[in-house]
Amino acid sequence: MPFTASWRTLLEECDALAADATVITPLSETRFRITDTQEHRINIEFVDSGDPQPLQREQFETLAERITDAGGTFELQRLPPDAEPYAAVLSLHPRYEIDDREGTLTETDEPTTSQLIKGATTQSADDQDDAADRTEPDLDVYADMLLLIDTLERHDPTALEDCETPALINLYTLLSDVQRNAGDLRQDVREVLLGRLHHDQPVHGQYGSVQRTSRRNRSLKDDDEVIGVLEDAGIPRERIMAVDREKVDDALDVTDLSESAVYEIEASEYVRKADVDEEHKETRLQGLKDQLALSDDPDAEKLRQEVDELEQRIEELTEFKPGTDIR
């Protein structure tokens, strides 16, 4: 394909970007914005320094030729100095794709959606660093929270009386699963934190602070030893003797007495989770992931913002911000 057609397509892709869209170079992760497109060049401005740089059409054509000469896959490490922005901008073309893991720029037969646009300049540098580092954790609580948030967004939790019974069952099941799995994760986090905190010295995070403390757990010694010590101190045996519930239950088993003869009984109703349809949960979860992954959707930017908000809410629910954030 003549490069003239590719150049026209690349200019159109650049013009379609939002004015504050930020592009990131694949190796040094330098941020820049596309400020202008012209007949023979694309002008950019680096976010951190504010320095402008024109990217010439003939250099893009040379890079495209080198990709073709390399069999369709070009090693990014072979880029000349200061040529990273060319690779980053060329990846905006629907038939060029950068693979961060492999460190390659590839010419494809089919249109791609893998672009190095990481956000907008309304985000701070730290926020964009966090977004670049996000990975999806292989945790039950993460999957359950995605399903729970999806359910909460489709059914108003402030009007439970208006919800259909199946919706309430789904909500109750997911809440139970999240509570259990979040409790397990919280226990794991606590064990690690105990080795890092000093006694009575609060340590602060973004969402709160924690403090190492201690509590006293008491258990009585042998009955005869306790009674003997207290009798020696002038406390009569009868004063400390109490009815043992287990012994009462054992006695009821060998008599004709009813429970009501020795217990005050008050009945109450409650809901207990009986079963979980894991297969349906996994199917629904995969559907959500597929939906959020549609970066070529006209509302892709809105979906990306929703993903960021979703992960923020997940972190708040778990009361834990891991070193590697979630994407």
Side-chain angles (χ1 to χ4, degrees), residues 1-123 128 131-132 290 293-305:
M1 178 185 297
F3 186 72
T4 298
S6 297
W7 177 247
R8 292 297 179 189
T9 299
L10 184 59
L11 292 180
E12 292 173 359
E13 293 292 331
C14 291
D15 289 337
L17 293 178
D20 59 352
T22 301
V23 183
I24 300 179
T25 60
L27 299 179
S28 62
E29 297 187 351
T30 302
R31 298 176 180 81
F32 64 88
R33 292 188 298 267
I34 296 175
T35 58
D36 184 33
T37 59
Q38 299 177 7
E39 184 67 24
H40 297 290
R41 67 182 182 180
I42 296 172
N43 295 318
I44 68 172
E45 180 181 274
F46 293 99
V47 172
D48 294 336
S49 65
D51 295 336
Q53 179 180 337
L55 304 180
Q56 304 297 335
R57 178 190 184 280
E58 58 265 24
Q59 298 298 328
F60 281 105
E61 185 172 7
T62 298
L63 177 57
E65 291 174 352
R66 294 183 66 180
I67 295 171
T68 301
D69 293 342
T73 299
F74 181 78
E75 300 289 337
L76 293 172
Q77 293 291 348
R78 297 174 54 196
L79 286 171
D82 302 325
E84 277 194 76
Y86 284 92
V89 173
L90 186 59
S91 73
L92 301 177
H93 191 288
R95 295 194 182 275
Y96 288 92
E97 180 179 21
I98 282 181
D99 188 324
D100 289 331
R101 296 181 182 273
E102 298 295 330
T104 58
L105 175 58
T106 302
E107 183 179 9
T108 66
D109 295 329
E110 298 295 332
T112 69
T113 59
S114 176
Q115 301 176 352
L116 288 180
I117 300 176
K118 297 297 184 181
T121 55
T122 52
Q123 289 181 297
Q128 293 188 24
D290 292 343
L294 293 176
S295 59
D296 57 346
D297 190 278
D299 296 327
E301 181 62 29
K302 181 179 178 181
L303 285 174
R304 283 193 290 269
Q305 294 175 359

What's the separation between atom NE2 in H93 and atom CG in L11, rounded to the nearest 0.5 Å? 10.0 Å
Pairwise distance CD1(I34) to CG(L55) - rounded to 0.5 angstrom: 8.0 Å
Please examine the side chains of T68 and F74, heavy atoms only from C-beta on, and report whether any two atoms are closer than 4.5 Å. no
Give every residue pair that meets the side chain to side chain donor-acceptor pair (under 3.5 Å) criterion with at least one member in residues 58-67, sequence neighbours excluded. R57-E61
Hey, does V89 have a side-chain heavy atom less than 4.5 Å from the side chain of C14? yes
Value for CG (L92) from OG1 (T9), rounded to nearest 0.5 Å, stands at 12.5 Å
Can you measure from CG (L105) to OH (Y96) and round to the nearest 0.5 angstrom? 8.0 Å
Apply the test side-chain contact (heavy atoms from CB on, under 4.5 Å) to residues T37 and L10: give CA-CA distance (whole Å), side-chain angles for both, the deciding distance (0.1 Å), then the verdict. CA-CA 10 Å; T37 59; L10 184 59; over 6 Å; no
Close side-chain approach of P85 and F46, heavy atoms under 4.5 Å: yes
Pairs touching residues 74-93 that satisfy salt bridge (charged side-chain N to carboxylate O under 4.0 Å, His left out), sequence neighbours left out: none
The reported gap from CG in D99 to OG1 in T73 (rounded to nearest 0.5 angstrom) is 9.5 Å
Show your reasoning for whether salt bridge (Lys or Arg N to Asp or Glu O under 4.0 Å) applies to E13 and R8. CA-CA 9 Å; E13 293 292 331; R8 292 297 179 189; over 6 Å; no
Which one of R31, R33, Q53 satisfies the side chain to side chain donor-acceptor pair (under 3.5 Å) criterion with E45? R33
Close side-chain approach of I24 and T30, heavy atoms under 4.5 Å: no
Is any side-chain heavy atom of L76 closer than 4.5 Å to one of I98? yes
All heavy atoms of S91 vs all of A88, minimum pair found to be OG-O, 2.6 Å
Heavy-atom check, side chain of I67 versus side chain of T106, under 4.5 Å: no
Taking atom types as modelled, is there a side-chain donor on N43 or T35 under 3.5 Å from an acceptor on the other? no
Quick one: are I42 and D36 in side-chain contact, heavy atoms under 4.5 Å? no
Got a second to check how far T25's OG1 is from L27's CG, nearest 0.5 Å? 7.0 Å
Considering residues at least two apart in sequence or located in another chain, which fulfil the ring pair (Phe, Tyr, Trp, His ring centres under 6.0 Å) criterion with F60? W7, Y86
F32 and D48: CA distance, side-chain angles, deciding distance, side-chain contact (heavy atoms from CB on, under 4.5 Å) verdict: CA-CA 8 Å; F32 64 88; D48 294 336; over 6 Å; no
